*Asks:* 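This is the structure I want to talk about, given as structure tokens.
We're numbering straight along the sequence, starting at 1. What you are looking at is a predicted structure, and each value in this text was computed from that prediction instead of being measured. Both counts, for ligands and for their atoms, begin at 1 and track the order of listing.
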Amino acid sequence: MNLGLSHISLSEIIDGNTLNFTAGHVEVIVYDSRKISTSQKSVFFALKGLQKDGHIYCQHAYEKGVRCFVLEKAIELPNDATVILVEDTLYALQQLAQHHRNQFSIPVIAITGSYGKTTIKEWLYYLLKDDYKVARTPNSYNSQLGVALALLELNETHELAIIEADISHPNEMDRLEEIISPTLGVFTSLGNHYAEHFNNQKAHLNEHLKLFKHINFCFILEHYSSPFRRNKIATITTHSEEWRDYISSNEQFPDNKALCLKVAEFFGVDKTLLKAKMEKLPTLSGRQEVFEGIQDNLIINDTYNIDIDALEQSLEYQFASKERNRKVVVLDLSFVNKNRQKEIKQLVERYQPDAVYYIEEGQLPLALKNEEDALILFKGSFRSNLSELVQRFKNRKHETWVEFDLKAILYNVRFLQSKLQPNTKTLVMVKASSYGTGDVKIPHFLQENGIDYLGVAYTDEGATLREQGVHLPVMVMNTEKNALYDIVRHCLEPTIYSLAQLSDVIDFFQEQGLENYPIHIKVETGMNRLGFQKETISELITLVKNTQCVQLKSVFSHLADADNSDSSYTEEQIRIFEQIKTQFTSEYNAPIIFHLLNSEGILKFAAKASYDMVRMGIGIFGYAYNTPGLKESIRWKTTVSQLKEIVPGETIGYGRTFTASEKMTIATLRIGYADGFRRALSNGKGKVFINNNSCPVVGNVCMDMTMVDVTNLNVQPGDEVEIIGQHQTMLDFAHQLETIPYEVMTSISKRVARIYIKN
Ligand SMILES: *Cc1c(COP(=O)(O)O)cnc(C)c1O
């Protein structure tokens, strides 16, 4: 967003009453004070949300640097803030959006109808994005806000906009039509039970079609087309010959696909390309998980969002599936407003499931426990605890899990912090799914416990954090050029390690109209991996000084030899870092955060080299080499599936690498190299503990199973087996594999269940 509006013109556009005025201008709109993370000039709109009233966050927004506020009621704010009063902040935001939209004369496609809008929008975007620079409504917004936000994103580079317009009450569409001023229309479909606030279907249809009052051209399925003047529409018959090569006869969503094809063709997309693209249309519900559940149920775990379109896709999927006849839907509507709840219920009814259950107050309904042999769809927002409830339906055939002791982790964080100066900040590296501990549980836990910063290796990891509600600042270590858009979109902060990369980033930010975007500089002091050489630093500083786009948030380097008891190499790195720090402080006159130490470094060099921040990693799990004071936090376990007596001469497992020379009892465990229990542990290299006894591996480790010697021990099927824990530490285990805890942790495979123990 790059509005370039003075406070005065903003106030005029939205018809506001300016209570307090200070000169200034705004570039971006903010309405969620947690997401204010660039110091771009912004205006805060206090919107009344579903849960909270935005007015209570004004102070927070002020603290984050906002100096212009649009409010419905006066709020005490310091004198240097402009305060504009309006009757309705959402309406004012829409007025601004309308004004902004009118600056551009590009085609604007508006999509409406009961179902399929988001699907069509995303598909059209996918089909057109290589030929046009397209702006589109962000996902999962309620339409009144989403429409405004999408229009406000428009800038000179856009060649086309795709906007989704949703209505639930009579007379809403006129307003949306005014704001959007669409030039082209797409009508998706009309639901049967959908029109609760409308007298009849026709009234509902007519309300939708008001969006198309002034358009040049509309794409619509044939059976909805009667109210249209013939010269203004392209009617579409789904099953016509025309689409035979593109849409197969038994496909899902043929109508939606046909509509998209027609629009793409209208915009001149090459037919052969179109065909290839149709095969790769994105699905909305990216996080759906299907697994075998208890009582022969098959579970669709789709607990990421409860967007109507995503729900429809999940239902389509569920009801098209032949795997179980009985179809059951479980909904958690706790983060959905009343109107939406009705729509969702009606949509679900349309599919006529055999049973529908609702989660109330985070509890599974009792009757759900009696479901057998059903295909059960679990649908709710990631903010609810449904995704955890779903786990209870997991068939624990594969009883292998890893436990993380959150209490020990917090203890370690506090222990490491106790070595630092009180004003030294804490960044925790959560790369590689927080060292293999799972995507977001640890980051959320760190966020709850007041950590200042997170670090990841790649942009995608940062995006996952944002998508799952982590709002701490996130530093990204490897910033590929083609990931910059996602960096900005998710408010991530890139690390720069070369001049070429720096100029790419500056070019991109300039193109996007960004100002003072935070960046981090990595300097070379002896690791010889990534980083600016000392000689290039002057030029780097000059580049940064000559642009408005970026601000130097931090400068850092990384220790190569911190765990060596001979500290001379580290001392030398600290010396070089000091010199570089002096150079930055003298040539760049704004505050910079300097940081050097990782976990091992904190344990040894905190007194002399903590600077403004440290970067913790493995230490929070308790596994630095220099460990006094840290607590181990990880236990890895499996269970015994079967016991077997063998006699001399018999062999064990693949390749028959072990032959018994006496009578033995062998236990088969539910763990193999596909779980991360590596094959190198075969034939006595590795061992496990069962009921406090050490049991060596016999024969080769298989993909999903491992055999161990339990001769003369009291062991039963189902007994718990320790791989890492009290008897065999992470370090012991790593030594057996001639590796380090980092590799062991990040090699525990995804199929191993993660369990987080709170106390
Ligand atoms: C991974 C990483 C850390 C954390 O290192 P630990 O040894 O796990 O404490 C710190 N800084 C950088 C740049 C890293 O990549």
Side-chain angles (χ1 to χ4, degrees), residues 404 409 412-417 419-420 424-437 442-443 446 451-459 461-462 465 472-479 492-498 501 519-532 553-564 567 569-570 573-574 576-577 580 593-606 609-627 629-634 730-731 734 739-747:
F404 304 101
I409 292 171
N412 293 330
V413 169
R414 298 293 182 239
F415 179 82
L416 292 169
Q417 284 176 328
K419 310 260 166 197
L420 309 172
T424 300
K425 290 181 194 297
T426 302
L427 177 151
V428 179
M429 295 299 303
V430 295
K431 58 197 177 198
S433 300
S434 299
Y435 292 55
T437 61
I442 299 295
L446 296 169
I451 295 303
D452 303 289
Y453 243 99
L454 296 177
V456 294
Y458 294 100
T459 306
E461 297 175 337
L465 294 179
L472 284 179
V474 175
M475 176 169 95
V476 181
M477 310 303 258
N478 297 273
T479 319
L492 305 171
E493 302 176 6
T495 295
I496 313 291
Y497 40 81
S498 74
Q501 195 200 7
I519 60 168
H520 302 267
I521 298 293
K522 186 160 193 187
V523 295
E524 186 53 75
T525 58
M527 180 74 149
N528 291 322
R529 193 170 62 177
L530 292 177
F532 280 93
K553 189 86 175 270
S554 91
V555 171
F556 72 101
S557 190
H558 195 36
L559 297 179
D561 201 24
D563 53 356
N564 193 338
S567 62
Y569 196 78
T570 307
Q573 281 196 273
I574 294 175
I576 299 172
F577 192 67
I580 291 173
I593 297 172
F594 292 94
H595 48 119
L596 177 64
L597 301 182
N598 62 347
S599 311
E600 199 71 41
I602 297 168
L603 290 165
K604 287 195 191 146
F605 304 98
S610 293
Y611 304 108
D612 309 300
M613 186 156 84
V614 293
R615 299 184 309 275
M616 296 180 186
I618 195 113
I620 74 166
F621 302 105
Y623 303 114
Y625 267 81
N626 199 348
T627 46
L630 295 176
K631 289 188 178 171
E632 309 222 350
S633 66
I634 297 179
M730 175 69 83
L731 270 183
T739 182
I740 50 178
Y742 301 81
E743 192 183 356
V744 173
M745 289 176 67
T746 52
S747 307

*Asks:* Give a yes or no on whether the ring-centroid distance for His595 and Tyr453 is below 6.0 angstrom.
*Replies:*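 Here the rings of Tyr453 and His595 have centres that are no less than 6.0 Å from each other.
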*Asks:* So which heavy atom in the protein is nearest atom 11 (N) of ligand 1, and how far is it from that ligand atom?
*Replies:*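 Answer, as residue, atom name and distance: Arg615 NE, 2.7 Å.
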*Asks:* What about Met477: any of its N or O atoms under 3.5 Å from an N or O on ligand 1?
*Replies:*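 Checking ligand 1 against Met477, no N or O pair falls under 3.5 Å apart.
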*Asks:* Check Ser434 against Ile442 and note the closest heavy-atom contact, atom names and distance.
*Replies:*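 Looking at all heavy atoms of both residues, the closest pair is OG-CB, 3.9 Å.
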*Asks:* Which ligand 1 atoms does Tyr435 reach within 4.0 Å, using its non-hydrogen atoms?
*Replies:*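 Here the atoms of ligand 1 in question are 1 (C), 4 (C), 5 (O), 6 (P), 8 (O).
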*Asks:* Show the atoms of ligand 1 that are less than 4.0 angstrom away from any heavy atom in Ser599.
*Replies:*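 By the 4.0 Å cutoff, the relevant atoms are 6 (P), 9 (O).
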*Asks:* Should you measure from each heavy atom of Ile618, which atoms of ligand 1 turn up under 4.0 Å away?
*Replies:*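 Counting atoms of ligand 1 from 1, those under 4.0 Å from Ile618 are 6 (P), 8 (O), 9 (O).
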*Asks:* Should Met429 be counted as touching ligand 1, given the test is an N or O pair under 3.5 Å?
*Replies:*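 Between Met429 and ligand 1 (N or O atoms, distance only) the closest approach is not under 3.5 Å.
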*Asks:* Do Ile602 and Ser610 touch side chain to side chain, with heavy atoms closer than 4.5 Å?
*Replies:*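 In short, these two side chains do not touch, never coming nearer than 4.5 Å.
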*Asks:* Is there a donor-acceptor contact under 3.5 Å linking the side chains of Gln417 and Thr426?
*Replies:*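 Gln417 vs Thr426: donor-acceptor pair found between side chains.
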*Asks:* Does some side-chain heavy atom of Leu597 sit less than 4.5 Å from a side-chain heavy atom of Tyr611?
*Replies:*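 Heavy-atom side-chain distance check fails, nothing below 4.5 Å.
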*Asks:* Got Val523 and Phe577 here, is their nearest side-chain heavy-atom distance under 4.5 Å?
*Replies:*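 Yes, side chains in contact.
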*Asks:* Within ligand 1, which atoms have a heavy atom of Gly617 less than 4.0 Å away?
*Replies:*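 Counting atoms of ligand 1 from 1, those under 4.0 Å from Gly617 are 4 (C), 6 (P), 8 (O), 9 (O).
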*Asks:* May I ask you to check whether Lys431 has an N/O atom sitting below 3.5 Å from an N/O atom of ligand 1?
*Replies:*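 Yes; the residue has a nitrogen or oxygen that sits under 3.5 Å from a nitrogen or oxygen of the ligand.
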*Asks:* Test your reading of the structure: does Tyr742 have an N or O sitting under 3.5 Å from an N or O of ligand 1?
*Replies:*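 Yes; the residue has a nitrogen or oxygen that sits under 3.5 Å from a nitrogen or oxygen of the ligand.
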*Asks:* Are Tyr435 and Met429 close enough, and set up right, to give a side-chain contact (heavy atoms from CB on, under 4.5 Å), and what steps lead you there?
*Replies:* CA-CA 9 Å; Tyr435 292 55; Met429 295 299 303; 4.1 Å; yes
*Asks:* How close does the nearest protein non-hydrogen atom get to atom 12 (C) of ligand 1, and which residue and atom is it?
*Replies:*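 Minimum-distance protein heavy atom for atom 12 (C) of ligand 1 reads His558 CE1, 3.4 Å.
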